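Note that the structure is a prediction, hence the values are computed from the model and not measured. Order of listing sets the numbers, starting from 1, for every ligand and every atom in it.
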Amino acid sequence: MRIRFTKMQGAGNDFVVLDETRQRLDLSPAQYRWLADRHFGVGADQVLSVRPSPAAGVDFEYVIHNADGGEVEQCGNGARCFARYVRDSGLTSRDTVRVKTLSGVIEPCLNADGRVTVDMGPPVFDLPSVPFDAAGLSPHADGGWQKWHLALATSAGSPIVPVAVLSMGNPHAVQEVEDVDTAPVLTQGPLIETHSRFPKRVNAGFLQMVGRSHVRLRVWERGAGETLACGTGACAAVVAGIRLGRLDSRVDVQTRGGLLTIEWAGGDAPVFMTGPAVTVFEGEIEIPEQP
Ligand SMILES: N[C@H](CCC[C@H](N)C(=O)O)C(=O)O
């Protein structure tokens with residue numbers, strides 16, 4: 001099957017965008033994996049599908065597949081690129097759109113300075129909703145909130161890692177580190193991602209507090225490995241830092257791929273994320289029926 005695609009990136013988190021507003025492609029997980037493959041396909045962290053609105057009051061449906069081919073609930077950097085794509089392709093004439101995802105409706109808005117702000121909805125702390133299995137564990141008080149101690153089994157020993165656990169529609173486990181550049185992202189990331197306490201796996205954040213309104217972050221993403229930036233990961237890290245009493249309500253998040261700005265007023269207020277959304281190139285490709 002020959003398809004057209006648009007390659008985009010938001011703070012270095014990169015995407016293959018597929019326009020399915022006129023025709024569903026009905027790709028298989030293996031075909032999503034093939035598209036995301038950096039040697040045999042186009043190459044991306046996630047594949048984003050733009051589909052027609054499923055209901056009144058919503059402009060589009062936004063379907064997200066990780067590089068491993070699995071469909072997921074939310075993608076923050078992808079939401080910004082989604083908004084840029086539908087505007088630049090003429091699918092909408094509005095700068096703000098309402099978009100249905102697996103985890104609910106989000107509202108990206110194109111700003112005059114070229115960045116995009118997304119209302120990502122409120123964070124979720126209910127552990128079964130993350131989902132996180134806390135059976136037999138006791139939380140450890142930390143600042144104004146709590147952390148959970150995960151036992152990891154690595155070749156270099158069995159570290160206990162204290163993580164803050166929450167959902168931005170997708171699951172996140174956030175740990176604080178002294179320096180993201182030396183943090184054990186590549187060794188602990190996959191162990192946290194597949195930890196048995198996370199039945200749907202989890203995105204593993206490594207958060208360095210620089211100041212009360214400035215942090216550095218690396219994320220080992222569920223289904224994609226370490227990415228240059230993770231939008232929902234930045235939201236989750238800032239929300240955790242605010243609840244732990246270490247961050248103010250507006251925080252600049254320096255990722256390896258660029259700067260994201262996260263704002264959260266606390267409680268059940270929505271989280272706002274602002275950052276870049278860039279079209280890299282457009283192309284066509286022949287997808288194998290069975291890659
Ligand atoms: N890997 C994530 C999906 C993509 C999230 C990330 N790319 C973002 O910008 O939020 C998950 O499995 O939940």
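- Considering Met120, Gln74, Arg222 only, the shortest heavy-atom separation from atom 3 (C) of ligand 1 involves Gln74.
- Here the protein heavy atom with the shortest distance to atom 5 (C) of ligand 1 is Glu221 OE1, 3.4 Å.
- Scanning both residues, Asp268 and Pro122, for their nearest heavy atoms gives O-CB, 3.5 Å.
- Using 4.0 Å as the threshold, Ala224 has no heavy atom nearer than that to any atom of ligand 1.
- Every atom of ligand 1 is numbered from 1 in the order shown, and the set under 4.0 Å from a heavy atom of Gly76 is 8 (C), 9 (O), 10 (O).
- The structure places CG of Asn66 at 7.5 Å from CG of Asn203, a figure rounded to the nearest 0.5 Å.
- Of the listed options Val72, Val219, Asn203, Asn203 places a heavy atom closest to atom 2 (C) of ligand 1.
- Residue Asn77 approaches ligand 1 through these ligand atoms, each under 4.0 Å from one of its heavy atoms: 8 (C), 9 (O).
- Counting heavy atoms closer than 4.0 Å to ligand 1, residue Asn13 contributes side-chain atoms (C-beta onward) but none from N, CA, C or O.
- A salt bridge is absent between Lys7 and Glu282; no separation between the charged side-chain nitrogens and carboxylate oxygens falls under 4.0 Å.
- Residue Asn66 touches ligand 1 through its side chain alone, judged by heavy-atom distances below 4.0 Å.
- The distance criterion of under 3.5 Å between nitrogen or oxygen atoms is met by Gly231 with respect to ligand 1.
- Under a 4.0 Å N-O distance rule, the pair Asp68/Arg222 does not qualify as a salt bridge.
- Aromatic pair Phe40/Trp34: ring centres not closer than 6.0 Å.
- The aromatic ring centres of Phe125 and Trp145 sit less than 6.0 Å apart.
- One finds the CD atom of Glu61 at 6.0 Å from the CZ atom of Arg51 (value rounded to the nearest 0.5 Å).
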